Amino acid sequence: MTSSQAPLSAPSPYDNMSEVARAAYRAKAAAADLAPLPRAAKDEALSAIADALEVRSREIVEANALDTAKAREAGTSEAIVDRLTLTPERVRAIASDVRDVIALPDPVGEVVRGSTLPNGIDLRQVRVPLGVVGIIYEARPNVTVDAAALCLKSGNAVLLRGSSSAYESNSALVRVLRDAVGGAGLPADAIQLVPGESRDSVRELMRARGLVDVLIPRGGASLIRTVVEESTVPVIETGTGNCHVYVDARADLDMAVDILVNSKAQRPSVCNAAETLLVHRDIADAFLPRALDALAEAGVTVHADPRVAAYAAGSKATVVAATAEDWDTEYLSYDIAAAVVDSLDKAVEHIRLWSSGHTEAIVTGSQQAARRFTQLVDSTTVAVNASTRFTDGGQFGFGAEIGISTQKLHARGPMGLPELTSTKYIVTGDGHTRG
């Protein structure tokens with residue numbers, strides 16, 4: 001047979017596909033293989049991941065050092081560099097988080113509701129994986145492992161698109177994860193790093209409708225807004241954290257100071273840190289001098305309205321005049337906006353106007369005030385006499401979280417394993433037909 005007579009090869013689904021589309025196509029195939037797997041198979045793969053992270057810790061840390069050196073050369077702030085940095089201790093902590101996920105129940109197959117209909121048909125609504133989950137996130141390499149572990153446990157394939165500033169770190173981590181998953185007998189393509197470092201690869205991921213089932217952005221307001229506004233793939237919106245602490249007229253002063261300082265200063269660079277303090281006028285004289293001194297000791301600058309600023313004289317606090325922009329700002333730093341309000345309802349009014357819908361806290365000794373606040377405030381989490389810092393998947397007992405959703409469709413608040421599933425109905429009859 002001459003070459004001109006050779007049979008034509010069958011067309012490949014990869015023909016004319018970009019690298020990003022090919023990765024998504026492979027993820028879709030892997031997701032189909034993952035969906036029916038029992039918990040034991042997925043947990044075995046997660047155990048292999050945790051072990052591999054520890055065994056190959058040096059490889060990961062060396063790759064991370066390239067990213068941190070590049071970041072410092074670019075003049076990146078030390079706060080961002082710290083979020084980017086991986087040490088052997090941090091890698092061990094990430095491995096420990098993976099083992100925590102192993103201990104969690106598998107949501108796949110859970111019956112959400114079910115009944116036998118009057119006609120004898122058995123109806124069950126059961127949890128199933130979403131399919132292919134795309135994660136677009138900024139310079140936090142731990143998210144690479146958290147997202148991969150949660151997606152694997154819930155039967156999903158994951159496409160990871162971290163920032164270019166963490167490219168070497170993420171590449172090393174994904175190599176380790178894929179080797180571990182493949183070694184455990186599961187498809188390695190269940191975990192992939194989206195090819196490319198340019199924004200073109202992000203845009204293509206956002207338009208991979210039909211191959212990618214859902215996108216979850218994690219990062220600053222600009223990143224989230226871009227993904228929400230430009231994606232044709234369905235998006236679960238994770239929001240910024242303009243969180244409030246309201247100190248009510250009936251608050252215990254010691255408790256209020258402790259909760260305020262913890263909410264703001266325990267770790268200010270995260271989304272559940274408080275960014276605004278609201279104080280009822282009836283307790284302002286007793287509370288604000290103590291609060292300003294406590295914030296000063298924690299190194300916090302107060303962006304104060306005139307009523308709060310009046311208490312600055314004689315305090316240790318660094319106080320600057322608040323502008324309208326301050327009420328809308330997620331500082332992610334040792335800064336907090338502060339205002340005196342005339343009532344609980346005025347506090348709620350302020351929160352409704354400026355909150356990002358993440359977490360709000362009330363400190364009060366009044367059950368009536370607590371009940372009214374929780375009823376009127378429409379955020380993912382409302383804390384009563386507790387720090388805003390508790391809004392976290394780990395703190396809620398969900399294991400590592402995939403993000404904190406501030407939208408109202410499908411998932412809201414810290415997203416654990418159940419939030420990475422959808423449902424389907426299984427209808428079982430005995431020759432039933434509809435008349």
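Predicted model, so just to flag it, every value in this text is computed and none were measured.
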Verdict with reasoning, Val212 to Leu205, per side chain to side chain contact (heavy atoms under 4.5 Å, CB included): CA-CA 8 Å; Val212 179; Leu205 181 63; 4.0 Å; yes
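- Side-chain N/O atoms of Arg290 and Tyr311 include no donor and acceptor closer than 3.5 Å.
- For the residue pair Thr318/Thr301, the side-chain donor-acceptor check at 3.5 Å is not satisfied.
- At distances below 3.5 Å, at least one donor-acceptor pair connects side-chain atoms of Arg352 with backbone N or O atoms of Leu376.
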Lys264 vs Asp335, salt bridge (charged side-chain N to carboxylate O under 4.0 Å, His left out): CA-CA, chis, key distance, verdict: CA-CA 8 Å; Lys264 175 68 262 183; Asp335 295 85; over 6 Å; no
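- If you check the side chains of Ser366 and Thr364, you find no donor sitting under 3.5 Å from an acceptor.
- Residues Asn272 and Thr359 have side chains that never bring a donor and an acceptor to within less than 3.5 angstrom of each other.
- Checked against the 6.0 Å centroid threshold, His303 and Tyr331 count as a close aromatic pair.
- Going from atom OG of Ser164 over to atom CZ of Arg161 covers 7.0 Å, rounded to the nearest 0.5 Å.
- The two atoms that bring Leu84 and Ala166 nearest to each other are CD1-CB, 3.6 Å, heavy atoms only.
- For the pair Thr68 (side chain) and Ala65 (backbone), a donor-acceptor distance under 3.5 Å is present.
- Ile259 CD1 to Leu277 CG: the interatomic distance, rounded to the nearest 0.5 Å, is 12.0 Å.
- By the 4.0 Å N-to-carboxylate-O rule, Lys28 lies too far from Asp33 to be salt-bridged with it.
- Glu275 contributes atom CD, which lies 8.5 Å from atom OG1 of Thr388 (distance to the nearest 0.5 angstrom).
- The distance from the CD1 atom of Ile136 to the CD atom of Glu138 is 11.0 Å, given to the nearest 0.5 Å.
- Considering Asn156, Ile135, Val133 in turn, Ile135 is the only one that fulfils the side-chain contact (heavy atoms from CB on, under 4.5 Å) rule with Ile402.
- Checked by atom type and distance alone, the side chain of Ser96 never pairs as donor or acceptor with a backbone atom of Arg92 at under 3.5 Å.
- The closest donor-acceptor contact from the side chain of Asp248 to the backbone of Ala251 lies at 3.5 Å or more, if one exists at all.
- Judged purely by distance below 3.5 Å, without hydrogens or angles, the side chains of Ser379 and Glu360 pair a donor atom with an acceptor atom.
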Working for salt bridge (charged side-chain N to carboxylate O under 4.0 Å, His left out), residues Asp342 and Arg281: CA-CA 5 Å; Asp342 292 329; Arg281 66 180 182 187; 3.7 Å; yes
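- Side chains of Asn64 and Ser169: a donor-acceptor N/O pair is present below 3.5 angstrom, by distance only.
- When all heavy atoms are compared, the tightest approach of Ala31 to Val132 is CB-CG2, 4.1 Å.
- In terms of modelled atom types and a separation under 3.5 Å, the side chain of Ser231 and the main chain of Val228 share no donor-acceptor contact.
- Between Val279 and Ala284, the shortest heavy-atom contact is CG1-CA, 3.9 Å.
- Of the residues Arg26, Arg22, Arg178, the one that meets the side chain to side chain donor-acceptor pair (under 3.5 Å) test with Gln192 is Arg26.
- Across all their heavy atoms, Thr406 and Gly357 have their closest contact at CG2-O, 4.0 Å.
- How far CD1 of Ile191 is from CG of Leu186: 9.0 Å, rounded to the nearest 0.5 Å.
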Worked check of salt bridge (charged side-chain N to carboxylate O under 4.0 Å, His left out) between Arg56 and Glu62: CA-CA 10 Å; Arg56 297 172 66 176; Glu62 287 177 351; over 6 Å; no
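- When each of Arg39, Arg127, Lys42 is tested with Asp106 by the rule salt bridge (charged side-chain N to carboxylate O under 4.0 Å, His left out), just one qualifies, namely Lys42.
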Chi angles and distances behind the side chain to side chain contact (heavy atoms under 4.5 Å, CB included) call for Tyr137, Asn170: CA-CA 11 Å; Tyr137 55 105; Asn170 290 335; 3.8 Å; yes
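- Judged by distance alone, with hydrogens and angles left aside, the side-chain atoms of Ser47 form no donor-acceptor pair with the main-chain N or O of Asp43 at under 3.5 Å.
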Derivation of the salt bridge (charged side-chain N to carboxylate O under 4.0 Å, His left out) call for Asp378 and Lys408: CA-CA 10 Å; Asp378 186 22; Lys408 299 183 181 181; 2.6 Å; yes
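- Distance alone, capped at 3.5 Å, is enough to place a donor-acceptor pair between the Glu330 side chain and the Gly241 backbone.
- Between Lys316 and Glu297, at least one side-chain N (NZ, or NE/NH1/NH2) sits under 4.0 Å from a carboxylate O, which counts as a salt bridge.
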Residue pair Leu160, Val194: steps toward the side chain to side chain contact (heavy atoms under 4.5 Å, CB included) verdict: CA-CA 6 Å; Leu160 299 155; Val194 174; 5.8 Å; no
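- A distance-only check finds no donor-acceptor pair linking the side chain of Thr380 to the backbone of Gly413 [under 3.5 Å].
- Contact annotation: the side chain of Val320 never approaches that of Val302 to less than 4.5 Å [non-hydrogen atoms, C-beta and beyond].
- Residue Arg250 places its CZ atom among 12 or fewer non-hydrogen atoms of other residues, nucleotides or ligands, all under 6.0 Å distant.
- Remark: the backbone N or O of Ala148 is not paired with any side-chain donor or acceptor of Lys153 at under 3.5 angstrom.
- Here the shortest heavy-atom pairing between Ala370 and Val384 reads CB-CG1, 3.8 Å.
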Asp326 and Thr329: CA distance, side-chain angles, deciding distance, side chain to side chain donor-acceptor pair (under 3.5 Å) verdict: CA-CA 5 Å; Asp326 284 302; Thr329 298; 4.8 Å; no
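- Side chains of Gln407 and Arg412: a donor-acceptor N/O pair is absent below 3.5 angstrom, by distance only.
- The environment of CD in Glu89 is crowded: more than 12 heavy-atom neighbours from other residues, nucleotides or ligands sit within 6.0 Å.
- Using a 30° and 60° split on the angle between ring planes, His350 and Trp354 fall in the tilted class, from 30° to 60°.
- Ser201 places a side-chain N or O within 3.5 Å of a backbone atom of Ser198 that can act as its donor or acceptor partner.
- Rounding to the nearest 0.5 Å gives a distance of 14.0 Å between CD of Glu78 and CZ of Arg83.
- For the pair Asp82 and Arg140, the salt-bridge criterion is not met [side-chain N within less than 4.0 Å of a carboxylate O].
- For the pair Glu168 and Lys70, the salt-bridge criterion is not met [side-chain N within less than 4.0 Å of a carboxylate O].
- Taking each heavy atom of Ala386 and Ala361 in turn, the nearest pair found is O-CB, 3.6 Å.
- You'll find the side chain of Val235 stays beyond 4.5 Å of the side chain of Glu229, heavy atoms only.
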Criterion side chain to side chain contact (heavy atoms under 4.5 Å, CB included) on Leu34 and Leu152, from CA distance to verdict: CA-CA 8 Å; Leu34 283 179; Leu152 182 61; 3.9 Å; yes
